[in-house]
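Shown next, in structure tokens, is the structure this report addresses.
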Amino acid sequence: MVFQTKFPVKTMFAKFFFAYLLMLTLAIAVISIWLFHIFSNSSIRQINELSDRTLMQGQKSTEYLMNQAMQVSAQLSFDYPIIQQMNTAESDPIVENNSLKKLNDIIFINESIYSIGIYNGNNTSFLTSDYPNIDNEAIEMLNNSDPKTKIRLLPRKLKLSSGKNQEENVYSILYYNRDKSTNAILNALIVNVKEEAVRSGINPDDSVDQGNILIVDTTGKVISDPSGGEFLKDYSELGFIKKSLTESESNSFVDTSLSGEKVLVTHSYSTQLGWHFLHVVPYQAAVVSISRLRNTVIWISLILFAFSGIASLFVSGKLSSPLRGLVETLELMKEKSKNNLKVDYLKDILGGVKAPQVSSELEFALRVDLFKGTSILILKIDEHFDATALEVEEVADEVHNQMRLSLLNRVFDLLQPHFSYESLVINKDVVLLVNHDNAFNSRKHLVNLIKRLQEQFRQAMGTSVTVAWGTYVNDAANYHASFQEALEAADYRMVYGLGSMLTYETVFANVKHEFEYPQQHLKALLEAIKLGKEELIWGALDDIFNALKDCQYELIKLSVNHLLLTVFITTELSIQDVKADLLSNFNNAVSKLRQLETLEQMKLWFAQYILHDMQRIKEKRKHLNSDLLERIRGFVEGCYANTELSVEMVANRFDYNPMYFGRLFKELFNQSFSEYITELRLNKSKIYLAQDHIAIKEVGTKVGFNNSSYFVTLFKKHTGMSPSEYRNKLKI
């Protein structure tokens with residue numbers, strides 16, 4: 001076949017061909033502008049959502065760090081050596097040494113804490129783990145503090161009197177007690193948290209595209225700035241700082257007051273800390289992906305244009321084929337874009353960003369009427385978990401996606417014939433909006449279908465589905481509230497177990513708003529650990545976790561973390577020989593505990609953890625006791641003839657309390673100290689009695705008896721004969 005290389009301008013084909021090229025060029029321009037507009041809006045919205053999540057993560061991380069520091073302070077306030085150091089009228093070196101050791105142990109475990117100080121108002125002493133630095137500024141702040149407060153959280157520069165640096169950036173948590181009549185400071189605990197710990201926790205990825213989290217106080221001073229801002233520098237004159245300080249609600253806006261650079265700013269306020277959190281993203285970095293996408297679309301379109309033109313020259317009979325393919329591609333892109341817009345629209349409604357619009361059903365082709373009665377459900381696919389193995393393997397993303405697709409297919413099969421509904425995926429969970437009236441039969445029918453869905457999914461996939469319901473929505477303005485209720489109810493899967501059907505009304509009808517930590521049960525658990533009684537340990541854990549079932553979700557998490565810290569200190573610290581392993585062991589325990597999803601799983605994990613550590617403690621004690629027995633025996637063998645030898649002397653030699661040492665000695669030697677010494681001296685006296693040149697009176701003195709008569713009486717009592725009779729018997 002010979003192809004023509006030139007076409008007459010006036011032919012029908014040439015006219016159609018050039019008209020086609022012109023139409024395609026216009027289509028490319030229109031499509032590029034259209035796609036750029038759509039993706040621009042979508043990208044900015046995604047940047048805002050990412051900023052909200054990043055900001056919330058940073059805020060929660062900071063609040064958690066400060067809560068941990070406050071828990072350390074609370075724990076120290078109940079420690080006996082610390083109580084002595086805080087309240088003794090006169091300085092005691094032993095108490096100071098014990099207190100300092102306690103402070104250093106706490107700092108060693110918690111690397112986010114820079115130093116801890118104890119102030120005693122009775123003798124105006126200040127003991128600090130950062131020896132020899134004396135925090136005079138903290139003492140002055142205590143004396144000048146508001147008499148009505150008992151705790152303060154204060155960012156400041158800690159002045160140092162030694163070391164390479166002259167000051168350290170810290171957040172000081174001050175607990176203090178006053179005299180009710182004079183308002184004088186009786187005692188105080190000062191915990192200084194490193195500013196760098198906050199920075200590393202709130203913004204682990206400091207790349208430009210992710211932006212930075214800036215924290216300022218209510219006056220606009222910098223509390224933390226990973227980009228290098230000076231600590232406590234006054235930023236209150238910056239435009240976006242001023243705007244954030246005047247608004248307590250979370251918001252997002254564009255600003256140019258930061259060195260003239262255009263930035264996207266997302267703001268949030270922590271009522272717990274009284275700090276403002278701002279996520280600042282360079283605007284250019286935020287839209288760079290959009291520009292790349294636009295350029296990519298243009299180049300792809302130009303390539304398609306050129307390819308279509310060339311193909312049209314050679315295959316005139318199939319001139320419509322490229323155009324048909326392009327139209328089909330555009331239709332698919334349009335359908336996908338419309339579906340994404342629908343999902344974004346529903347997410348905005350559930351998130352409280354937008355209110356439902358009457359025109360939305362036609363615009364987004366919704367399968368539900370947002371102005372009719374609706375139930376909002378969250379379906380959570382439970383992870384595979386073996387409660388006895390105490391090892392959790394995360395389900396791979398691809399496997400979880402396939403399971404979620406299977407769940408959506410089963411939802412369609414069961415609900416589509418009976419109810420109008422819309423489904424979407426939020427944070428890996430399936431969210432359903434189901435239209436129905438609130439009559440008993442209608443709601444019961446929906447509940448039965450969901451139960452059937454749970455059973456079918458469990459049989460097919462080998463795992464359960466937990467379902468959480470918000471309250472029934474009659475008013476379109478209540479979608480956000482109902483969705484939040486479903487999220488809160490879903491958290492209580494921890495209490496009710498995997499595969500539960502959780503309704504907001506039922507869950508929160510059983511939650512107690514007043515909660516007192518089961519301190520007595522915790523004491524019983526610690527006592528059971530010391531006694532090594534497995535049955536008592538199980539009983540105490542049952543009591544603790546039963547007490548947690550009726551309290552709020554956040555309190556459950558805090559209580560479980562407190563329980564882990566207490567158990568870890570009680571067991572692990574008594575086992576470890578190498579302190580460098582402590583932090584690693586604690587982090588491993590925290591990581592495993594966070595993987596557990598229910599209180600029952602957590603109780604089983606704690607029991608296994610405690611019993612395992614108890615066995616390790618027994619083995620270590622057995623080894624230590626064997627070594628200690630030999631050292632005590634060697635010491636006593638060397639000084640048994642000392643008439644001043646006593647249990648107090650030996651106890652002081654080995655740094656034990658005399659009363660406790662007496663019990664320990666009997667446990668190691670199966671006899672009391674006095675019985676052991678008496679037996680040892682009598683056995684030694686028999687050796688001297690075998691030597692004729694040593695007088696009997698002298699034998700008693702050599703083995704440690706002051707009174708020769710007492711020696712004779714005691715010898716006869718234990719051997720049935722006097723020393724002289726024993727010597728004569730040896731001669732026979």
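The basis for the numbers below is simple: all heavy atoms, side chains too, and nothing from hydrogens, waters or symmetry mates.
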inquiry  = Is there a side-chain contact between D491 and I556 in this structure, where contact means two heavy atoms from C-beta onward sitting under 4.5 Å apart?
reply    = no
side-chain contact (heavy atoms from CB on, under 4.5 Å) evaluation trace for W538 with I610
CA-CA 10 Å; W538 279 103; I610 292 170; over 6 Å; no
F126 and I190, any side-chain heavy atoms less than 4.5 Å apart: yes
- [ ] Kindly assign one of parallel, tilted or perpendicular to the pair H276 and Y269, based on the angle between their ring planes and the thresholds 30° and 60°.
- [x] tilted
Can you find a pair of side-chain heavy atoms, one from Y609 and one from L593, that are under 4.5 Å apart? no
Side chain to side chain contact (heavy atoms under 4.5 Å, CB included) filter on S181, not counting sequence neighbours, yields D179
Contacts of N120 meeting side chain to side chain contact (heavy atoms under 4.5 Å, CB included) (sequence neighbours excluded), chain-then-number -> T88, N122, N123, S125
The reported gap from CG in L525 to NZ in K523 (rounded to nearest 0.5 angstrom) is 13.0 Å
>> Testing the 3.5 Å rule here: is there a donor-acceptor pair between the side chains of S115 and N192?
In response: yes
When rounded to the nearest 0.5 Å, the distance separating CG of N67 from CG of N561 is 10.0 Å
Closest heavy-atom pair, A540 versus A524, reported as atoms and distance to 0.1 Å, is CB-C, 4.2 Å
Given the rule in the side-chain contact (heavy atoms from CB on, under 4.5 Å) test, do T124 and Y119 qualify, once you have shown the distances and angles that lead to the verdict? CA-CA 7 Å; T124 65; Y119 176 68; 4.1 Å; yes
Given the options Y676, F705, F711, R681 meets side-chain contact (heavy atoms from CB on, under 4.5 Å) only with F705
Original post:
Should M70 and Y175 count as side-chain neighbours, where that means a heavy-atom distance under 4.5 Å?
Top reply: yes
Of all heavy-atom pairs linking I118 and S99, the shortest is CD1-CB, 4.3 Å
Atom pairs and distances, donor-acceptor, side-chain atoms in residues 644-658, under 3.5 Å, two or more places apart:
unit_1: S646; atom_1: OG; unit_2: E648; atom_2: OE1; d: 3.4
unit_1: S646; atom_1: OG; unit_2: M649; atom_2: N; d: 3.3
unit_1: N652; atom_1: ND2; unit_2: E648; atom_2: O; d: 3.2
unit_1: N657; atom_1: OD1; unit_2: M659; atom_2: N; d: 2.9
unit_1: N657; atom_1: OD1; unit_2: Y660; atom_2: N; d: 3.2

Applying ring pair (Phe, Tyr, Trp, His ring centres under 6.0 Å) to H718 and not counting sequence neighbours gives none
In this structure, CG of D550 is separated from CG of L555 (nearest 0.5 Å) by 12.0 Å
Taken in chain and number order and not counting sequence neighbours, the residues that satisfy salt bridge (charged side-chain N to carboxylate O under 4.0 Å, His left out) with R663 are none
Kindly say whether E679 contributes a backbone atom to a donor-acceptor pair with the side chain of N683 at under 3.5 angstrom?
yes
Given the options L100, I94, V95, N98 meets side-chain contact (heavy atoms from CB on, under 4.5 Å) only with I94
Give a yes or no answer on whether the side chain of N87 reaches the backbone of I83 with a donor-acceptor pair at less than 3.5 Å. yes
Step by step, work out the side-chain contact (heavy atoms from CB on, under 4.5 Å) result for L214 and I241. CA-CA 10 Å; L214 176 69; I241 297 293; 4.0 Å; yes
Quiz item: Do D217 and L232 come within less than 4.5 Å of each other through their side chains, counting heavy atoms only?
Solution: no
Measuring only between side-chain heavy atoms, which start at C-beta, is Q84 closer than 4.5 Å to D92?
no
Scanning both residues in full, the closest heavy-atom pair of D234 with T219 reads OD1-O, 4.1 Å
Across all chains, not counting sequence neighbours, the salt bridge (charged side-chain N to carboxylate O under 4.0 Å, His left out) partners of K684 are E637
Those residues at least two apart in sequence (or on a different chain) that pass salt bridge (charged side-chain N to carboxylate O under 4.0 Å, His left out) with E675 are none
Exercise. Just do the side-chain contact (heavy atoms from CB on, under 4.5 Å) check on K549 and N546 with the steps written out, would you?
Key: CA-CA 5 Å; K549 286 182 179 179; N546 284 335; 3.5 Å; yes
The reported gap from NZ in K101 to CZ in F108 (rounded to nearest 0.5 angstrom) is 11.5 Å
Quiz item: Is the number of heavy atoms from other residues, nucleotides or ligands under 6.0 Å of Q519 CD greater than 12?
Solution: yes
Hits for salt bridge (charged side-chain N to carboxylate O under 4.0 Å, His left out) against R156, two or more places apart or cross-chain, chain-then-number order -> D135, E137
When rounded to the nearest 0.5 Å, the distance separating CE of M494 from CD of E597 is 9.5 Å
Taken in chain and number order and not counting sequence neighbours, the residues that satisfy ring pair (Phe, Tyr, Trp, His ring centres under 6.0 Å) with Y492 are F508
Any chance NZ of K666 has more than 12 other-residue heavy atoms, nucleotides or ligands included, within less than 6.0 Å?
no
Contacts of Y640 meeting ring pair (Phe, Tyr, Trp, His ring centres under 6.0 Å) (sequence neighbours excluded), chain-then-number -> none
Ignoring hydrogens and angles, tell me if any N or O in the side chain of S129 forms a donor-acceptor pair with the backbone of I116 under 3.5 Å.
yes
**Asked** Do the side chain of S591 and the main chain of N588 share a donor and acceptor less than 3.5 angstrom apart?
**Response** no
For this session: Answer whether the closest heavy-atom distance between the side chains of D543 and Q520 falls below 4.5 Å.
Result: no
Side chain to side chain contact (heavy atoms under 4.5 Å, CB included) filter on L558, not counting sequence neighbours, yields Q71
Output for pair (L153 CG, I223 CD1), nearest 0.5 Å, gives 8.5 Å
Q | Heavy-atom side-chain contact between R178 and I185 under 4.5 Å | A | yes
The ring pair (Phe, Tyr, Trp, His ring centres under 6.0 Å) partners of Y171 (sequence neighbours excluded) come to W275
| request: For the pair F545 and F606, name the ring-plane relationship: parallel under 30°, tilted 30 to 60°, perpendicular over 60°. | output: tilted
